[in-house]
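Structure first, commentary second.
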Amino acid sequence: MAAENGEEKLIAVARHIAKTLGNNESMADDILQIFSKFDGRFSREKLADKLTTAGQEEDPRALDHTIKSLERQISQYVAADHPIWSDSADSSAFLDCVDELISTVRGLSASSSAGAYLARAEDLLQQTMFRLEEEFRLLIERGGESFETTRSYNNGNGELTEDNSNLLFDDSDEDDHDYSDSEIPVAQRLSNYDVIIDALPSGIINDLHEIAKRMVVSGSGKECSHVYSSFRREFLEESLSRLGLGKLSNEEVQKMQWQELEDEIDKWIKAANVSLRILFPSERRLCDRVFYGLGSVSDLSFMEVCRGAVVQILNFADAIAIGSRSPERLFKVLDLFETMRDLMPEFEFNFSDQYCLVLRNDALGIWKRLGEAIRGIFMELENLIRRDPAKAPVPRGGLHPITRYVMNYLRAACRSRESLELVFEESVNVVPSKDSTLSSLSVQMTWIMELLESNLEVKAKIYGDTALCSVFLMNNERYIVQKVKDSELGLLLGDDWIRKHTAKIKQYLSSYQRSSWNKLLGVLRADSSPVAANVGGKSMSMKDRIKAFNSQFEEIYKSHSQWIIFDEQLRNELRNSLYNLVMPAYRNFIARFQNAPDVGRHADRYIKYTLEDIGTQINELFEGVNGSAGGRK
């Protein structure tokens, strides 16, 4: 008799533990095995058989009593007209009743002869779940009215610690601080992203977890997740709105003026950073705490909470990526590309589970499309250079607007050289390079330089004057080389490119001298010179030569002083070159002229320009002002 009483007590304990563990068969079996080790009279098989038999052969009167007792206790909570969780004693008692009901339903489910009682218990459980769902909703709404913010940092062990001194959320924009149940707290602007939001107080999070645990165990996890996700989704949507990110359709984005769109991109960058670095990690943490230990419910709930906000963020970036390829858009598209690049680790971290795989893939795809957009913008820049017409020549051989535009554009673009390198390494359509050591971006920049120089050579031909054509090319090539040397372009194009194009400037300078000054120098040369001046095949007299020189020099000065060399160093180099070219020849000619027999003592009558006059007027060339040669009077 004592043995039987001992067995009954052990069975009762085993049944209680089994119910608490959710009738997990493997765990119950382990418990019975432990019991059998304490006393050899109780074999594991014998206890298990009695346990199962006892569970299947419940006294109908006892079952009816149990269910009626649960109906009486639970109904007073289900029918209550006030929140159960407004009183901790009520909530604790209610959860005890729920646990007993869940255990009873499970026990009855294992019995083949308790169908009627099981139906009553399941109906009561359904009513209980409805009330738990409502309590869950009330708790999460109430918790949103008074939440904490914590600043997080790594304490060296990979754990986050908290400091309540820095608040992320602010209601300063509201006229008063009395929130209604429908109002949702939202994020304010931040100076850094090293924060984690506990958007619900810890006590409420614990209460939500206790409710969620019962609902999931009872098969109502989907309903619980839906209530949770709906409220947290509203929080994220309102936060994005306060951060300035509106719900714009693709068509709306495409129709916006670029200046307006630039402002929207700035807002997007801030909103995306706050979302990926603060809001989503905070939602992940909150979700994991509410649904701790409940398997995939946490991951599914997190995905449902964040999906809408992520799609909103990605849709805007995608609309920009597939929009116009106008060159003016490059820098803002680069901003978007770089933001997405910097946030890709956050996408990987926040959305690491299988349910969020589509969000990670979408983010990666849009990031790559932004890269394609950047490459497309550079193609449009190439087309712009090709199509720039050669109409009226630039006055005075000066700097062409296309040169200034392209070089300043590329110089600014190359401030994001690292990003552009990444963009063009992804491309398989780069221009072939003879030098395989060049990066894809270097090849691209070299190609644009070639297009620009070819375009300028075409434009130079419309001058008609070879000397002015050379001045034009000299000016533009000098500007190009200086911009390359003073920026990241120099690193991309290389020293050889710079040396080659510096030599081209010297070639243009030599071309200018040959086309405009060689004829003048020919007048000054002696008769024995193979290029001595002559008229009609006859050698010119000394008097005729000095008259020809005076006339040609005056003509050159009058026109070339109106031309412009914008770069002071180049202008001085050209003047010095002309000075060294003209002055020795003119000095020798004057000496011969003064000693010529046919001139005699009247040489001064024919000499219009002294050596000093020639030097002064050479130093007045290329100033871009109206000039007239003035010799000594």
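Remember, it's a predicted structure, so these values are computed and weren't measured experimentally.
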Quiz item: Is Ile102 close to Val98 at the side-chain level, that is, under 4.5 Å between some pair of heavy atoms?
Solution: yes
Quiz item: Is Ser239 reaching over with its side chain to a backbone N or O of Phe235, donor-acceptor style, under 3.5 angstrom?
Solution: yes
Quiz item: Just by modelled atom types, is the Ser88 backbone N or O under 3.5 Å from a matching donor or acceptor in the Ser92 side chain?
Solution: no
Quiz item: CG of Leu70 to NZ of Lys68: how many Å apart, nearest 0.5 Å?
Solution: 13.0 Å
Quiz item: Going from CZ on Phe280 to OG on Ser282, what distance comes out if it is rounded to the nearest 0.5 angstrom?
Solution: 10.5 Å
Self-check item: Nearest atoms (heavy-atom pairs only) where Leu101 meets Ala121
Solution: CD1-O, 3.8 Å
Quiz item: Shortest non-hydrogen contact from Ser301 to Ser229?
Solution: O-OG, 3.5 Å
Quiz item: Is the gap between the ring centers of Phe291 and Phe302 under 6.0 Å?
Solution: no
Quiz prompt | Polar side-chain atom of Tyr409 near backbone of Pro327 as donor-acceptor pair, under 3.5 Å | solution = yes
Quiz item: Does the side chain of Met340 come within less than 4.5 Å of Leu336's, by heavy atoms?
Solution: no
Practice problem: Can you measure from CG (Asn250) to CD1 (Ile322) and round to the nearest 0.5 angstrom? | Solution: 4.0 Å
Quiz item: Where is the tightest heavy-atom contact between Ser419 and Phe337, given as atom of each residue plus distance?
Solution: O-CE2, 4.0 Å
Quiz prompt | Minimal non-hydrogen separation, Ser275 against Leu240, with atom names | solution = OG-CD2, 3.0 Å
Exercise. Give a yes or no on this: more than 12 heavy atoms of other residues, nucleotides or ligands lie within 6.0 Å of atom CD of Gln254.
Key: yes
Quiz item: Within a strict 4.5 Å, meaning less than it, do heavy atoms of the Arg277 and Asp342 side chains meet?
Solution: yes
Quiz item: Which heavy-atom pair separates Glu135 from Pro83 by the least distance, and what is that distance?
Solution: OE2-CA, 3.6 Å
Practice problem: Search all heavy atoms of Leu330 against all heavy atoms of Ala413 and return the closest pair with its distance. | Solution: CD2-CB, 3.7 Å
Quiz prompt | Asn350 side-chain N/O to Glu346 backbone N/O, donor-acceptor pair under 3.5 Å | solution = yes
Exercise. Please report the C-alpha distance between Ile211 and Trp85 in whole Å, then the side-chain angles of each, then the deciding distance to 0.1 Å, and finally whether the side chain to side chain contact (heavy atoms under 4.5 Å, CB included) criterion is met.
Key: CA-CA 11 Å; Ile211 295 176; Trp85 261 258; 3.7 Å; yes
Self-check item: Arg233 (side chain) donor-acceptor with Glu304 (main chain) under 3.5 angstrom
Solution: yes
Self-check item: Any donor-acceptor pair under 3.5 Å from Gln312 side chain to Leu245 backbone
Solution: yes
Exercise. Would you mind reporting whether Lys332 and Ile320 have side-chain heavy atoms less than 4.5 Å apart?
Key: no
Quiz item: Do we get Arg289 above Tyr292's six-membered ring, with its NZ or CZ under 6.0 Å from the centre and within 45° of the axis?
Solution: no
Quiz item: Got a donor-acceptor contact below 3.5 angstrom from the Ser225 side chain to the Gly221 backbone?
Solution: no
Quiz item: Ser69 and Gln73: side-chain donor and acceptor closer than 3.5 Å?
Solution: yes
Quiz prompt | Worked verdict on Met344 versus Trp367 for side chain to side chain contact (heavy atoms under 4.5 Å, CB included) | solution = CA-CA 9 Å; Met344 284 310 301; Trp367 179 42; 3.9 Å; yes
Quiz item: Could Arg137 and Glu141 be called an ion pair, given the rule that one side-chain N must be under 4.0 Å from one carboxylate O?
Solution: yes
Quiz item: Is any side-chain heavy atom of Glu237 closer than 4.5 Å to a side-chain heavy atom of Lys247?
Solution: yes
Self-check item: Spacing of CG belonging to Asp96 relative to CD1 belonging to Ile74, to within rounding of 0.5 Å
Solution: 11.0 Å
Quiz item: What's the spacing between Phe331 CZ and Glu262 CD if we round to 0.5 Å?
Solution: 11.0 Å
Practice problem: Begin from the C-alpha positions of Asp263 and Gln259 and carry the test side-chain hydrogen bond (donor to acceptor under 3.5 Å, both in side chains) through to its verdict. | Solution: CA-CA 7 Å; Asp263 294 336; Gln259 186 175 1; 5.9 Å; no
Quiz item: Which of parallel (below 30°), tilted (30 to 60°) and perpendicular (above 60°) describes Phe316 and Trp268?
Solution: parallel
Self-check item: Minimum side-chain heavy-atom gap Asp90-Phe94 below 4.5 Å
Solution: no
Quiz item: Does Lys270 reach the side chain of Leu243, with side-chain heavy atoms less than 4.5 Å apart?
Solution: no
Quiz item: Within a reach of under 6.0 Å around NE2 of His209, are more than 12 heavy atoms found that belong to other residues, nucleotides or ligands?
Solution: yes
Quiz item: Thinking salt bridges, do Lys368 and Glu372 make one under a 4.0 Å N-O criterion?
Solution: no
Practice problem: Give, for atom CZ of Arg369 and atom CG of Asp362, the distance between the pair rounded to the nearest 0.5 Å. | Solution: 8.0 Å
Exercise. Check whether any side-chain heavy atom of Glu223 sits under 4.5 Å from a side-chain heavy atom of Met129, and report yes or no.
Key: no
Quiz item: Going through the distances and angles, do Cys356 and Asp299 end up as a side chain to side chain contact (heavy atoms under 4.5 Å, CB included)?
Solution: CA-CA 8 Å; Cys356 295; Asp299 292 339; over 6 Å; no
Quiz item: Salt-bridged, Glu264 to Lys267, with N to O below 4.0 Å?
Solution: yes
Quiz item: Does a side-chain N-to-carboxylate-O contact under 4.0 Å join Glu252 and Lys255?
Solution: no
Self-check item: Working for side chain to side chain contact (heavy atoms under 4.5 Å, CB included), residues Val310 and Phe347
Solution: CA-CA 10 Å; Val310 173; Phe347 276 103; 4.1 Å; yes
Self-check item: Side-chain donor-acceptor pair present, Ser220, Glu133, cut-off under 3.5 Å
Solution: no
Quiz item: Counting only N and O atoms by type, is there a donor-acceptor contact under 3.5 Å from the side chain of Asn273 to the main-chain atoms of Ile269?
Solution: yes
